[in-house]
Amino acid sequence: MDDDVESSWKVFESDPACFNELFDALGVKGLIVDDLYSLDSASLAALQPLHALVFLFKWVAGSDEKGGASGAYDHDFTGFFMRQVVNNACATIAVLNGLFNIPEAEIGEQLAQLQEFSTGMDAETRGEIFTSSDWLRTQHNSLIPPSAISLANLGLPKTSEDAYHFVVYLPHLGAVYELDGLKRAPINHGAYPEAGE
């Protein structure tokens with residue numbers, strides 16, 4: 001990972017308002033992000049139509065390299081998937097991995113051009129294309145609240161902090177997939193009845 005490009009993506013806050021503003025900045029129409037406090041049937045039903053779930057997990061280096069406790073890597077995944085190739089871009093990567101797998105999603109012209117340009121590319125190259133986009137990085141960074149701005153360049157002593165990572169889960173062609181930009185491929189977690197939860 002290139003340090004100059006890597007440091008230019010800022011930590012994104014886990015707040016639906018930030019994600020919705022990102023949608024606006026990217027020209028996304030007709031979709032919203034909302035908090036979900038439970039995965040019970042009533043909570044899921046209240047948010048219909050539900051296209052994807054974005055989770056924020058504590059990241060642990062080297063963990064889960066086999067593709068998940070209950071899933072398996074799907075190297076033949078037919079949907080959109082890109083890898084995360086720079087630090088702090090995981091929120092935008094998760095959003096785009098989810099968004100580009102929602103067939104009815106309406107997106108802005110610049111985002112559509114990036115998506116079209118990346119068609120047919122492998123996940124690593126897609127990650128390079130998207131994270132090298134000045135426009136996309138500017139949209140991402142414009143939503144960072146002042147409290148989340150890095151103090152890294154102030155020469156302060158470094159302390160150990162927990163790292164967190166956004167991952168999207170969604171149904172695709174009858175299965176539930178985990179699209180984690182830090183994994184080498186999408187993870188298939190099993191069958192999903194199209195009419196069910």
Q: Report the distance from atom CG of Asp180 to atom SG of Cys90, rounding to the nearest 0.5 Å.
A: 9.0 Å
**Q.** Arg126 charged N/C atom sitting above Phe81 aromatic ring, 6.0 Å / 45°
**A.** no
Q | Non-hydrogen side-chain atoms of His189 and Tyr177 separated by less than 4.5 Å | A | no
Q: Identify the residue among Gln110, Glu109, Glu116 that makes a side-chain hydrogen bond (donor to acceptor under 3.5 Å, both in side chains) with Gln113.
A: Glu109
Q | Shortest non-hydrogen separation from Asp34 to Leu47 and the atoms involved | A | OD2-CD2, 3.6 Å
Q. Looking only at heavy atoms, which two atoms of Thr131 and Ala89 are closest? And how far apart?
A. CG2-CB, 4.1 Å
Q: With the side chain counted from C-beta on, respond yes when Lys58 and His165 share a heavy-atom pair under 4.5 Å apart, and no when they do not.
A: no
**Q.** Atom pair CG (Leu31) and CZ (Phe23), whose distance is rounded to the nearest 0.5 Å
**A.** 5.5 Å
Q. Are Leu44 and Leu50 side-chain neighbours, meaning at least one heavy-atom pair lies under 4.5 Å?
A. yes
Q) Tell me, do Leu96 and Leu136 make a side-chain contact under 4.5 Å, heavy atoms counted? A) yes
Q.
Between Ser133 and Ile129 (side chain of the first, backbone of the second, donor and acceptor by atom type, cut-off under 3.5 Å), is there such a pair?
A. no
Q: Answer whether the closest heavy-atom distance between the side chains of Leu179 and Phe77 falls below 4.5 Å.
A: yes
Q) How about Phe57: does its CZ atom have over 12 heavy atoms from other parts shown lying under 6.0 Å from it? A) yes
Q: Report the C-alpha distance between Val95 and Val168 in whole Å, list the side-chain angles of each, state the deciding distance to 0.1 Å, and finish with yes or no for side chain to side chain contact (heavy atoms under 4.5 Å, CB included).
A: CA-CA 7 Å; Val95 163; Val168 66; over 6 Å; no
(Q) Run the side chain to side chain contact (heavy atoms under 4.5 Å, CB included) test on Thr92 and Trp9 for me, step by step, so that the C-alpha distance in whole Å, both residues' side-chain angles and the decisive distance to 0.1 Å come before the verdict. (A) CA-CA 10 Å; Thr92 297; Trp9 286 80; 4.1 Å; yes
Q.
Given 3.5 Å as the limit, does a donor-acceptor pair link the side chain of Glu128 with the main chain of Glu124, or not?
A. no
Q.
Quick check: do Leu99 and Leu111 have side-chain heavy atoms less than 4.5 Å from each other?
A. yes
(Q) Taking Asn188's backbone N and O only, do any of them form a donor-acceptor pair with Asp74's side chain (distance below 3.5 Å, no angle check)? (A) no
Q. Aromatic rings Phe12 and His140: how do their planes relate, parallel, tilted or perpendicular, breaks at 30° and 60°?
A. tilted
Q | Nearest-0.5 Å distance, CG of residue Asn97 to OH of residue Tyr169 | A | 12.5 Å
(Q) Side chains of Glu178 and Lys183, heavy atoms from C-beta outward: is any pair under 4.5 Å? (A) yes
Q.
Would Thr138 and Asn141 count as a side chain to side chain donor-acceptor pair (under 3.5 Å) here? Give the steps.
A. CA-CA 5 Å; Thr138 298; Asn141 288 344; over 6 Å; no
Q. How close do Ser38 and Ser43 get, heavy atom to heavy atom, and via which atoms?
A. O-CB, 3.4 Å
**Q.** Gap between atom CG of Leu56 and atom OG of Ser14 - 0.5 Å precision
**A.** 4.5 Å
Q) Is any side-chain heavy atom of Ser118 closer than 4.5 Å to a side-chain heavy atom of Phe130? A) yes
Q: Taking Arg83 for its side chain and Gly181 for its backbone only, find out whether a donor-acceptor pair lies under 3.5 Å.
A: yes
Q | Thr125 (side chain) donor-acceptor with Met121 (main chain) under 3.5 angstrom | A | no
Q: Hey, could you give me the CZ/CE distance between Phe100 and Met82, rounded to the nearest 0.5 Å?
A: 6.0 Å
Q) Any idea which heavy atoms bring Val54 and Ala94 closest together, and the distance? A) CG1-CB, 4.3 Å
Q. Do any N or O atoms from the side chain of Glu13 and from the backbone of Asp15 form a donor-acceptor pair under 3.5 angstrom?
A. no
Q. Nearest 0.5 Å, what's the NE2-CD1 distance between His51 and Ile32?
A. 10.0 Å
